[in-house]
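The structure appears below as structure tokens.
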Amino acid sequence: MKDIKVILASIIAAGALLISCGDDNNYPQPAPTPTPEQPTSGDVRVLTTTANRSKSLAESWINFSTTDNMSPSTIRITPDKTYQTINGFGAAITGSTAYNLLKMTQADRTKFLTETFSLTEGYGMSYIRVSIGCSDFSLSEHTCCDKKGIENFGLDEEDTKYVIPVLKEIIAINPEIKILGSPWTAPRWMKVNNLTDLKPYDSWTGGQLNPAYYQDYATYFVKWVQAYESAGVNIFAITPQNEPLNRGNSASMFMGWEEQRDFIKSALGPKMREAGLDTKIYVFDHNYNYDNMPDQQSYPLKIYADAEASKYIAGAAYHNYGGNLNELDVIHAAAPNKELVFTESTAGDWNDGSNLQKRLVDDMNQICLGTVNRWCNGSLIWNLMLDSQRGPNRPGGCTNGFGAVDISNDYKTIRYNSFYYIMAHMSAPTRPGAVRIGTTGFSPNDLTYTAFKNPDGSFALVLSNSKSEDIKATVDDGSHHFPVTIPGNGIVSLSWN
């Protein structure tokens with residue numbers, strides 16, 4: 001596995017044109033201070049990233065200590081204390097992302113996808129989100145059935161020409177990849193202005209699903225899953241509506257908890273089962289604060305309270321554009337048998353999303369460690385790759401976001417942003433099917449971490465340090481112990497047998 005720092009350094013040395021976007025990322029940057037040569041093997045594999053880019057997924061090794069552990073700063077791994085099973089970590093393959101990837105040469109694209117998704121030669125990202133129809137990062141406005149009548153269902157060119165070919169390349173690299181699909185809107189002919197007037201609502205933005213079309217819309221989901229599977233792409237999970245409380249997104253549809261409950265229990269759940277599909281259904285797929293709508297608070301719990309609807313539902317999905325991630329603890333405590341998954345966060349101008357110095361540790365704590373420590377079985381960020389113009393974008397789509405990586409106009413030079421690093425740090429030491437396990441001991445306020453046991457019995461520990469000074473600790477799994485330094489404003493991932 002190659003250190004991204006080395007890749008970037010080689011690009012700079014070659015005189016390549018690097019994109020400039022954000023105060024932290026004006027290239028070229030001065031070379032980092034040389035560090036002593038690291039061992040190339042050992043008992044514990046270490047990956048380190050610092051917000052100042054002195055280390056970018058830098059690999060090093062630590063050996064187990066041979067003396068007794070007397071350290072007062074010991075993090076103790078307790079594998080007998082188990083929590084949720086992990087499905088994976090990753091990013092969205094939007095239409096924009098797929099377009100950019102396919103503009104790369106085959107060799108460059110294969111190299112990047114292998115680095116990102118391979119379980120043996122890369123960082124092993126293992127979860128992908130795609131849109132069902134268009135999103136705010138698509139090449140056009142479309143659904144899979146824009147002509148009235150469910151018999152007119154068909155995948156759009158964005159699926160067949162861009163998204164599916166990229167997904168198939170990723171699946172060839174990592175056959176264990178899991179894919180989750182979410183619609184931003186139903187076909188416009190299925191939408192009404194509200195559930196009282198029931199007047200046709202021919203707009204991409206807003207509106208609600210006409211109950212008269214519940215069965216057709218459920219069939220729409222079934223056909224979409226089957227069409228992707230026929231193309232060689234299995235769908236692990238769906239959500240009935242992206243951001244159901246957001247009426248204002250360029251492609252959107254309001255779906256309150258009562259509507260989603262009724263749609264699932266009367267149409268979507270039965271149709272999926274009748275078709276023999278085991279695709280999971282996650283409800284909600286929106287913010288921790290339920291967009292401050294009093295009647296929508298605890299949205300998933302209100303749906304779970306209906307036994308007929310609940311039997312079709314695996315759990316709930318969340319975004320972090322409003323509220324506090326402690327809501328995950330509240331939902332888990334009330335419904336411990338239901339799953340939780342974090343499905344979207346976007347880096348943009350509003351949060352200085354391209355500035356690694358500001359974003360790295362906070363993103364890790366909010367999107368990955370914070371959600372996993374509150375029972376999420378996976379975490380996804382929005383847009384694996386955008387171009388230097390924040391796109392491409394469809395009319396009305398989002399124009400001020402960043403990708404996990406951004407690619408320059410030559411479709412060769414890549415800038416790695418915070419989102420890429422945090423997902424790589426989570427996925428590299430873990431494997432799909434890993435179980436979060438307990439930890440005790442040393443836990444200063446500035447240090448956040450979580451531990452896992454992989455299916456092969458190996459351990460993983462991911463730590464982030466939000467203070468400017470280094471933190472030194474000892475890790476002890478009961479059989480072995482070893483020292484580790486977590487650099488100031490940095491992230492460290494450890495894995496060992």
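Scope of the values below: all heavy atoms of this structure, side chains included, with no hydrogens, waters or symmetry mates.
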How long is the span from the [atom1] atom in [X] to the [atom2] atom in [Y], to the nearest 0.5 Å?
{"X": "I422", "Y": "M364", "atom1": "CD1", "atom2": "CE", "answer": "6.0 Å"}
{"X": "S126", "Y": "I170", "atom1": "OG", "atom2": "CD1", "answer": "11.5 Å"}
{"X": "S96", "Y": "L386", "atom1": "OG", "atom2": "CG", "answer": "6.0 Å"}
{"X": "I171", "Y": "N234", "atom1": "CD1", "atom2": "CG", "answer": "7.0 Å"}
{"X": "F402", "Y": "S388", "atom1": "CZ", "atom2": "OG", "answer": "11.5 Å"}
{"X": "S345", "Y": "N320", "atom1": "OG", "atom2": "CG", "answer": "3.5 Å"}

Note, [X] side chain near [Y] side chain (heavy atom, < 4.5 Å):
{"X": "E59", "Y": "V46", "answer": "no"}
{"X": "S443", "Y": "Y449", "answer": "yes"}
{"X": "L494", "Y": "V484", "answer": "yes"}
{"X": "P483", "Y": "K472", "answer": "no"}
{"X": "S182", "Y": "Q241", "answer": "no"}
{"X": "D363", "Y": "V361", "answer": "no"}
{"X": "M426", "Y": "V372", "answer": "yes"}
{"X": "Y282", "Y": "P300", "answer": "no"}

Original post:
Sequence neighbours excluded, which residues qualify as ring pair (Phe, Tyr, Trp, His ring centres under 6.0 Å) partners of F482?
Top reply: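 For F482 the ring pair (Phe, Tyr, Trp, His ring centres under 6.0 Å) partners, ignoring immediate neighbours, are W496.
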Subject >> For H480, ring pair (Phe, Tyr, Trp, His ring centres under 6.0 Å) partners two or more places apart >> reply: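 H480 satisfies ring pair (Phe, Tyr, Trp, His ring centres under 6.0 Å) with F64 only.
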**OP:** Look at the aromatic rings of Y318 and Y290 and report parallel, tilted or perpendicular, splitting at 30° and 60°.
**Re:**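 Ring orientation, 0 to 90° scale: perpendicular.
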Original post:
Angle class for the Y416/Y420 ring planes (parallel below 30°, perpendicular above 60°, tilted otherwise)?
Top reply: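 Taking Y420 first and then Y416, their aromatic rings stand perpendicular (interplane angle over 60°).
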**OP:** Taking side chain to side chain donor-acceptor pair (under 3.5 Å) as the test, write out the residues that go with D108, two or more places apart.
**Re:**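 Per chain and number, D108 pairs via side chain to side chain donor-acceptor pair (under 3.5 Å) with T105, K412.
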Residues in salt bridge (Lys or Arg N to Asp or Glu O under 4.0 Å) with [X], at least two apart?
{"X": "D477", "result": "none"}
{"X": "D159", "result": "none"}
{"X": "D43", "result": "none"}

**OP:** Begin from the C-alpha positions of N383 and F419 and carry the test side-chain contact (heavy atoms from CB on, under 4.5 Å) through to its verdict.
**Re:** CA-CA 9 Å; N383 278 302; F419 280 3; over 6 Å; no
Please confirm whether the backbone N or O of [Y] pairs with a side-chain atom of [X], one donor and one acceptor, at under 3.5 Å?
{"X": "S252", "Y": "N249", "value": "yes"}
{"X": "N355", "Y": "Q357", "value": "yes"}
{"X": "S379", "Y": "I367", "value": "yes"}
{"X": "T49", "Y": "L57", "value": "yes"}
{"X": "S495", "Y": "P429", "value": "no"}
{"X": "S458", "Y": "N454", "value": "no"}
{"X": "N465", "Y": "I486", "value": "yes"}
{"X": "H481", "Y": "T67", "value": "yes"}
{"X": "E158", "Y": "L139", "value": "yes"}
{"X": "N351", "Y": "A347", "value": "no"}

Subject >> CA sep, side-chain torsions, deciding dist, call: D136, S250, side-chain hydrogen bond (donor to acceptor under 3.5 Å, both in side chains) >> reply: CA-CA 6 Å; D136 45 351; S250 56; 5.6 Å; no
Side-chain donor-acceptor pair present, [X], [Y], cut-off under 3.5 Å:
{"X": "N326", "Y": "N324", "value": "yes"}
{"X": "H286", "Y": "N246", "value": "no"}
{"X": "D470", "Y": "T485", "value": "no"}
{"X": "T114", "Y": "T110", "value": "no"}

Could you note down all residue pairs passing salt bridge (Lys or Arg N to Asp or Glu O under 4.0 Å) where [range] supplies at least one of them, sequence neighbours left out?
{"range": "residues 79-90", "result": "none"}
{"range": "residues 331-349", "result": "R129-E344, K280-E339, D349-R390"}
{"range": "residues 318-336", "result": "D329-R374"}

Subject >> Residue pairs involving residues 427-438 (criterion side chain to side chain donor-acceptor pair (under 3.5 Å); sequence neighbours excluded) >> reply: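 Qualifying pairs, neighbours excluded: Q84-R436.
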Original post:
For N445, does the CG atom have more than 12 heavy-atom neighbours from other residues, nucleotides or ligands under 6.0 Å away?
Top reply: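 At most 12 heavy atoms, drawn from other residues, nucleotides or ligands, come within 6.0 Å of this atom.
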Original post:
More than 12 heavy atoms of other residues, nucleotides or ligands under 6.0 Å from CG of D68: is that the case?
Top reply: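 Incorrect, the count does not exceed 12.
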Original post:
Hey, mind stepping through V435 and F452 against side-chain contact (heavy atoms from CB on, under 4.5 Å) and telling me if it holds?
Top reply: CA-CA 5 Å; V435 176; F452 306 91; over 6 Å; no
**OP:** Output all residues satisfying side chain to side chain contact (heavy atoms under 4.5 Å, CB included) with T74, sequence neighbours left out; order by chain, then residue number.
**Re:**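 Here the qualifying residues are N69, S71, R76, T474, D476.
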Original post:
Between E243 and D285, is a side-chain contact (heavy atoms from CB on, under 4.5 Å) present by the stated rule, with each step listed?
Top reply: CA-CA 6 Å; E243 297 187 355; D285 207 7; over 6 Å; no
**OP:** Given side-chain contact (heavy atoms from CB on, under 4.5 Å), test N174 with S118 step by step and report yes or no.
**Re:** CA-CA 5 Å; N174 181 357; S118 174; over 6 Å; no
Original post:
ring pair (Phe, Tyr, Trp, His ring centres under 6.0 Å): which pairs involve residues 79-111, sequence neighbours left out?
Top reply: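 Matches after skipping sequence neighbours: Y83-W375, Y99-Y162.
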**OP:** State, to 0.1 Å, how close L328 and C376 come at their nearest heavy-atom pair, and which atoms those are.
**Re:**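 Closest heavy-atom pair between L328 and C376: CD1-SG, 3.8 Å.
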Subject >> N417/D406 under side-chain hydrogen bond (donor to acceptor under 3.5 Å, both in side chains): CA gap, chis, key distance, verdict >> reply: CA-CA 8 Å; N417 294 324; D406 293 323; 2.9 Å; yes
Subject >> Candidate pair T413 and D410, rule side-chain hydrogen bond (donor to acceptor under 3.5 Å, both in side chains), full reasoning >> reply: CA-CA 7 Å; T413 305; D410 62 6; 3.0 Å; yes
Original post:
Taking the six-membered ring of Y127, is NZ or CZ of K178 closer than 6.0 Å to its centre and within 45° of its axis?
Top reply: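 Output no; distance or angle outside limits.
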